[in-house]
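From a predicted model like this one, the values you see are computed outputs, not experimental measurements. Numbering of ligands and ligand atoms starts at 1, following listing order.
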Amino acid sequence: MILRIGVIGTGAIGQDHIRRITHSLQGAEIVAVTDVNAELANKVVKEEKLNAEIYGNGHEVIEADNVDAIIVTSWGPTHEEFVFASISAGKYVFCEKPLATTAKGCKRIVEAEEAHGKPLTQVGFMRRFDRSYRQLKKIVDSGKIGEALMVHSAHRAPEAPGFSGDMALTDSLVHEMDVLRWLLDDDYVSAQVLLPKRTRFAAEGLQDPHILLLETKKGIRISVESFVNCQYGYDIQCQVVGEMGTANLPEPASVAIRSEANLSNEILVDWKDRFIDSYDVELQEWIYSTIKGEVSGPTAWDGFVVAVTADASVEAKKSQKIEPISIPERPDFYSKSHVLHY
Ligand code: NAI
Ligand code: NAD
Ligand code: ISE
């Protein structure tokens, strides 16, 4: 079976996903697209030589008879509406983060899926598909370093064009909020946000860097540095400290250069390059599991948990106190969806 996909939002990441599905991955084709910027949708269909219908809005894409599954890559505030409509139509949907801009919105999606009777939604947390994170998880799960006690991690980007308000927490650190609970097989109980000396490279009125401190149910303490104007590169770090050793996220492969009395390795500067393989694996696995009628990646429940964590982190930044993170028990309904494919 070839999965026939409709894409809502043909901007930066929508175009990337269309390209990888059309030119690199197997088992799917793009048959429908839409964008509020109709000119852009037209341009993408032409440039990628897609055999796809261009629709006037996302709902028409979702309702199209020849569309089996939906990819939502429009702006964050539009996601909830399109995911909801996909569930109502009984169609599988891959939604870029955020699932919805509020925890309430995510909860409504969870409830809609429960009412529908099976999970249909996967959220675009691609780090779970990243080879280096999967290698790190294998070591943590193997018990080689004993029980995990602490995690030190960092999310650094050279600059943050278009960032405003608390986007460092709600747009970028959401990836850590998702991948660390997956890595540790745990959930968070509290958040605290420290505000270090501000870099002069931050836009006016924006705090940068941040340190997010999370505590988990098992008592693991996590520090996440967010530094989105670090100038030097896109650098994702993660070290798990266990009872008997430590395990570090592998660095992206790069050529070690010995030259002019220096030993050096390139540091990537763009998140697209750092996670390029992860997006491929993420969407290939989504295509295969959708054809099988399963959700095997991050679910609507995971999208909800991240939204609750992000809300508590923003609150902790404001209050400068330790804020509780209240995550209800995961419904049995979602347990099966955590299957990992190595
Ligand atoms: P973008 O602004 O380049 O593209 C969004 C597109 O959606 C635009 O072309 C816009 O015209 C269209 N759009 C907006 N509302 C729409 C609607 N109601 N109907 C149809 N089209 C609509 O944004 P970008 O960077 O592609 O981000 C899109 C989403 O992907 C965001 O939610 C973002 O958080 C997420 N994202 C995820 C990444 C990841 O690493 N997983 C990386 C980058 C973005
Ligand atoms: P973008 O602005 O480049 O693209 C968004 C597109 O959506 C635009 O073309 C816009 O015209 C279109 N759009 C907006 N509202 C629409 C609507 N109602 N109907 C149809 N189209 C609509 O943004 P982007 O960088 O591609 O980001 C898109 C989403 O992807 C965001 O949610 C973002 O958080 C997410 N994202 C995820 C990652 C990741 O690493 N997983 C990386 C980048 C972006
Ligand atoms: C972007 O939206 C993403 O999702 C990237 O993966 C992230 O690293 C970047 O900081 C965000 O702005």
Side-chain angles (χ1 to χ4, degrees), residues 6-20 32-45 54-62 70-86 94-101 105 122-130 133 153-179 208-210 224-230 233-237 268-283 286 297-298 302-303 306-307 310:
V7 176
I8 304 175
T10 53
I13 200 157
Q15 289 174 36
D16 277 358
H17 289 345
I18 286 173
R19 266 184 228 117
R20 54 175 50 93
V33 298
T34 189
D35 197 296
V36 280
N37 179 350
E39 220 174 280
L40 179 64
N42 270 294
K43 187 167 164 267
V44 172
V45 167
I54 301 164
Y55 287 92
N57 62 59
H59 294 280
E60 290 176 10
V61 169
I62 293 165
I70 317 295
I71 292 183
V72 180
T73 44
S74 46
W75 297 320
T78 67
H79 292 184
E80 182 180 346
E81 173 191 343
F82 294 133
V83 171
F84 231 100
S86 303
F94 174 92
C95 177
E96 266 307 339
K97 35 76 48 176
L99 177 59
T101 50
Q122 180 167 324
V123 184
F125 290 128
M126 73 294 177
R127 291 200 193 174
R128 296 181 184 212
F129 301 87
D130 180 66
Y133 271 107
S153 60
H155 183 137
R156 302 194 189 114
E159 50 190 11
F163 265 40
S164 57
D166 296 315
M167 280 175 75
L169 300 170
T170 59
D171 194 71
S172 293
L173 276 209
V174 287
H175 286 295
E176 269 78 12
M177 292 171 194
D178 178 68
V179 82
D208 188 38
H210 296 82
V224 193
E225 172 198 311
S226 159
F227 187 12
V228 294
N229 290 281
C230 80
Y234 184 79
D235 191 9
I236 301 300
Q237 297 289 329
L268 297 171
V269 292
D270 194 334
W271 50 264
K272 278 190 185 162
D273 296 328
R274 170 63 181 85
F275 288 111
I276 190 162
D277 301 333
S278 330
Y279 295 114
D280 286 349
V281 177
E282 172 189 51
L283 281 166
W286 177 71
D302 298 311
V306 168

- Item | Option of least heavy-atom distance to atom 11 (O) of ligand 1 (set: Asp35, Thr78, Asn37) |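 Of the listed residues, Asp35 has the closest heavy atom.
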
- Candidate with minimal heavy-atom separation from atom 32 (O) of ligand 1, of Gln15, Lys97, Glu282: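 Checking each option, the heavy atom nearest atom 32 (O) of ligand 1 is found in Lys97.
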
- Test item, Gly58 contacting ligand 2 (heavy atom, 4.0 angstrom):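 The answer is no: ligand 2 sits nowhere under 4.0 Å from a heavy atom of Gly58.
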
- Query: Hey, is His79 one of the residues with a heavy atom under 4.0 angstrom from ligand 2?
  - Reply: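 Under 4.0 Å: yes for His79.
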
- Run the numbers for me: atoms of ligand 2, each under 4.0 Å from some heavy atom of Ala12, listed by number.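 Going through ligand 2 atom by atom, the ones under 4.0 Å from Ala12 are 1 (P), 3 (O), 4 (O), 25 (O), 26 (O).
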
- Atoms of ligand 2 close to His175 [distance to a heavy atom under 4.0 angstrom, numbered from 1]: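 Reading through ligand 2 atom by atom, the close ones are 39 (C), 40 (O), 41 (N).
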
- Task: Report yes if some N/O of Leu40 lies less than 3.5 Å from some N/O of ligand 1; otherwise report no.
- Result: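 N/O-N/O distance under 3.5 Å: no.
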
- Item | Contacts of His155 that satisfy ring pair (Phe, Tyr, Trp, His ring centres under 6.0 Å) - sequence neighbours left out |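 Residues passing ring pair (Phe, Tyr, Trp, His ring centres under 6.0 Å) with His155: Tyr234.
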
- Set of residues satisfying ring pair (Phe, Tyr, Trp, His ring centres under 6.0 Å) with respect to Phe82, sequence neighbours excluded: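 Expected list: His59.
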
- So is Phe275 close enough to ligand 1, meaning a heavy atom under 4.0 angstrom away?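 Flag not set, Phe275 not near ligand 1.
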
- Message: When you measure from the heavy atoms of Gly58 to every atom of ligand 1, does any distance fall below 4.0 Å?
- Response: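 No heavy atom of Gly58 comes that close to ligand 1.
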
- Task: Report the nearest protein non-hydrogen atom to atom 12 (O) of ligand 3: residue, atom name, distance rounded to 0.1 Å.
- Result: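 Minimum-distance protein heavy atom for atom 12 (O) of ligand 3 reads Asp171 OD2, 3.0 Å.
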
